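Following: one structure in structure tokens, then a few remarks.
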2 protein chains.
Amino acid sequence: MSSTYDPADFPAFAVTVDLVVLTVRPPNLEVLLVRRAEAPQKGRWALPGGFVGPSQDLADAAESKLVDKTGIRVKQAHLEQLQTFGQPKRDPRMRVVSVAHLAMVAVPSEPELEGAAWHTVGSLDAAALAFDHAEILQAGVERARSKLEYTTLATSFCRSEFTLAELRSVYEAAWGERLDAANFQRKVLATEGFVESTGRTESAGPGRPARTFVAGRAELLHPPLMPPGAL
Amino acid sequence: MSSTYDPADFPAFAVTVDLVVLTVRPPNLEVLLVRRAEAPQKGRWALPGGFVGPSQDLADAAESKLVDKTGIRVKQAHLEQLQTFGQPKRDPRMRVVSVAHLAMVAVPSEPELEGAAWHTVGSLDAAALAFDHAEILQAGVERARSKLEYTTLATSFCRSEFTLAELRSVYEAAWGERLDAANFQRKVLATEGFVESTGRTESAGPGRPARTFVAGRAELLHPPLMPPGAL
DNA sequence: GTCTTTAATTGTCTACTTGACAAATATTAG
DNA sequence: CTAATATTTGTCAAGTAGACAATTAAAGAC
């Protein structure tokens with residue numbers, strides 16, 4: 001079938017990137033959505049994304065969309081390829097294959113850009129999203145949860161310097177379940193390279209001030225942090 | 001930028017699927033490769049794959065390549081999307097985005113198809129592979145290992161009816177490390193729904209005959225099977 | 001047939017990890 | 001100064017994991 005090899009012989013696809021940008025604002029896990037300004041599906045919420053340039057790498061395309069929408073540089077966030085969605089009819093206009101990416105960012109304090117807003121993942125109507133974006137979002141949330149379990153990525157939801165309570169709130173937001181502060185702390189500190197103490201403390205409201213930490217160099221957690229069986 | 005929306009405005013990509021088909025022939029983990037019959041890279045080993053049709057779903061395309069090359073139906077195997085590779089220069093002819101898939105199959109007894117052969121993963125020269133297929137293969141092996149840890153997919157490397165020794169050899173092949181048969185057995189049988197006893201036994205060579213099992217309906221393992229820290 | 005070898009299966013024990021909860025410490029708010 | 005709150009340290013019972021010995025049941029040599 002591919003004895004000759006003329007580009008024109010093969011069906012042309014458009015390739016896009018779509019981003020599932022997650023953040024934690026305790027006690028919620030939130031996702032960044034944009035309101036579509038154009039038809040089709042004008043006015044509905046959608047994942048930020050766009051076309052990949054003819055000589056642009058997939059990761060570069062995802063990175064530049066992230067900067068466009070959030071102003072967050074990749075250095076301060078986590079960005080990874082998620083999954084590729086290519087159902088023939090997912091976009092009514094033409095055959096589009098979307099390489100979805102997952103970003104985990106610390107909540108930006110700056111005001112939102114036009115048309116973009118954070119939405120709580122739990123209380124989001126799947127039917128309100130454009131195209132197959134509900135499916136993509138679900139894949140992103142599942143990936144995020146599973147990576148939180150066995151990697152140190154929870155730190156990428158935190159400020160550069162953070163307390164263990166903040167780190168704990170990331171897990172609590174992702175699972176919707178409270179964790180014992182004492183056991184959580186011992187587990188985190190027992191894991192070599194998860195966090196590193198700054199020597200400083202910080203206090204917000206009443207209660208003993210908490211020590212602050214920065215992310216360590218480890219990437220994998222052995223053993224995982226969340227209990228088995230927790231969804 | 002995307003105020004108008006004419007398909008012709010956007011760069012055309014070719015989309016392919018490439019398959020990392022893994023099997024276990026104790027004590028080795030092996031991958032199916034085909035020898036390229038056409039330029040470029042004529043004569044080098046490559047992952048099986050091909051173009052996605054204009055109205056063909058990605059999963060369907062992967063499935064049909066698997067049947068073409070191995071004759072194995074998806075019902076008896078595991079097939080999942082792996083990762084998408086889209087470096088601008090990965091194929092010299094044109095812009096090609098490849099949606100790589102991972103298949104885990106029981107070793108087929110039938111003779112090989114023309115140009116295709118099983119290769120031991122450990123003793124394979126990465127430089128001998130065409131295009132960026134060495135990178136794809138590495139991603140596939142890593143994915144397979146991590147899924148073996150926390151899912152029941154090891155059973156898809158086994159015949160439909162198998163002994164615990166066979167199942168154990170899957171883990172031993174993937175990690176290159178021997179496991180204690182006694183502890184392995186207790187762990188597997190303690191995991192609800194991993195395997196189900198047939199009541200029959202089977203003996204191959206000397207030694208007490210082993211009971212045979214079929215795969216259970218569970219998909220996830222809690223807790224994981226392999227010890228933390230094992231590569 | 002009997003003996004030797006091999007592998008599956010069962011049993012046992014020690015060290016470690018987990019999670020629940022109590023106690024001590026260090027702040028803020030009034 | 002007192003009450004309230006949150007971090008941090010301490011304790012302990014229950015469960016898990018891995019090492020290794022013992023038992024069972026077959027194949028193959030003689």
Side-chain angles (χ1 to χ4, degrees), chain A residues 26-27 149-150 158-159 161-173 175 177-192 194-214 220-231, chain B residues 26-27 148-150 154 158-159 161-173 175 177-192 194-214 220-231:
Chain A
E149 274 189 297
Y150 63 91
C158 298
R159 301 169 299 159
E161 188 174 336
F162 55 85
T163 67
L164 292 184
E166 271 173 83
L167 187 64
R168 180 159 40 90
S169 73
V170 170
Y171 289 92
E172 293 177 335
W175 273 268
E177 173 186 337
R178 300 199 66 74
L179 298 179
D180 182 280
N183 293 334
F184 179 83
Q185 178 162 204
R186 233 173 308 112
K187 243 179 187 171
V188 170
L189 296 181
T191 304
E192 183 78 20
F194 192 173
V195 299
E196 245 168 300
S197 174
T198 62
R200 286 186 290 276
T201 64
E202 194 183 275
S203 93
R208 175 171 174 172
R211 290 180 290 174
T212 62
F213 297 83
V214 294
L220 274 75
L221 294 181
H222 286 306
L225 216 117
M226 291 300 292
L231 173 59
Chain B
L148 286 176
E149 273 190 298
Y150 63 90
C158 297
R159 301 170 298 159
E161 187 173 338
F162 53 86
T163 67
L164 292 183
E166 271 173 84
L167 187 63
R168 180 159 39 88
S169 73
V170 170
Y171 289 91
E172 292 177 336
W175 273 267
E177 175 187 335
R178 299 199 67 75
L179 299 177
D180 182 280
N183 293 334
F184 179 84
Q185 179 162 204
R186 230 172 309 112
K187 246 181 187 169
V188 170
L189 296 181
T191 304
E192 184 78 20
F194 193 172
V195 299
E196 244 168 301
S197 174
T198 62
R200 285 185 290 278
T201 63
E202 193 183 278
S203 93
R208 175 173 174 172
R211 290 180 291 175
T212 62
F213 298 83
V214 294
L220 274 73
L221 294 181
H222 286 305
L225 216 117
M226 290 300 292
L231 174 60

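Any value given below was found using the heavy atoms of this structure, including those in side chains, with hydrogens, waters and symmetry copies removed. First the proteins, then the strands, lettered A, B, ... as listed; each starts at 1. What you see is a predicted model; the values in this text were computed from it and never measured.
When the C1' atom of C:dG19 is taken as reference, atom CG of A:L225 falls 13 Å away, rounded to whole Å. The separation between A:E177 atom CD and C:dG19 atom P is 10 Å, rounded to whole Å. Look at CZ on A:F213: it is 12 Å from P on D:dT7, rounded to the nearest Å. Separating the CG atom of B:D180 from the C1' atom of D:dA21 is a distance of 11 Å, rounded to the nearest angstrom. Rounded to an integer number of Å, the gap from B:H222 NE2 to D:dG15 C1' is 17 Å. If you take CZ of B:F184 and C1' of D:dA19, they are 17 Å apart, rounded to a whole angstrom. The separation between B:L179 atom CG and D:dA17 atom P is 14 Å, rounded to whole Å. Put simply, CD on B:E172 is 13 Å from C1' on C:dA7, counting in whole angstrom units.
Side-chain proximity of B:R208 to the nucleotides D:dT24, D:dT8, C:dA26 is greatest for D:dT24. Closest contact between the side chain of A:L164 and the listed nucleotides D:dT8, C:dT27, D:dC20 involves D:dT8. Proximity note for B:R186 (side chain, C-beta onward) versus C:dC21, D:dT7, C:dT12: the nearest is C:dT12.
Between D:dG18 and B:K187, a contact under 4.0 Å exists linking OP1 or OP2 to a side-chain N or O.
Counting heavy atoms from C-beta on, the side chains of B:N183 and B:K187 never come closer than 4.5 Å. Using a 4.5 Å cut-off on side-chain heavy atoms (C-beta onward), A:V188 and A:F213 make no contact.
Along DNA chain D, the nucleotide closest to A:N183 and the one closest to A:G207 are compared, and the more 5′ of them pairs with A:G207. The 5' end of DNA chain C is approached more closely, in terms of each residue's nearest nucleotide, by B:Q185 than by the other of B:Q185 and A:A204.
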*side-chain contact (heavy atoms from CB on, under 4.5 Å) between B:T198 and B:V214: does it pass, once the steps are laid out?*
CA-CA 7 Å; B:T198 62; B:V214 294; 3.9 Å; yes

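Looking only at distances, no side-chain donor or acceptor of B:E202 sits under 3.5 Å from a matching main-chain atom of B:F162.
Heavy atoms of B:R211 sit under 4.0 angstrom from primed sugar atoms or phosphate atoms, though from no base atom. Heavy atoms of B:A182 sit under 4.0 angstrom from at least one base atom.
Atom CZ of A:R178 is surrounded by 12 or fewer heavy atoms from other residues, nucleotides or ligands within 6.0 Å.
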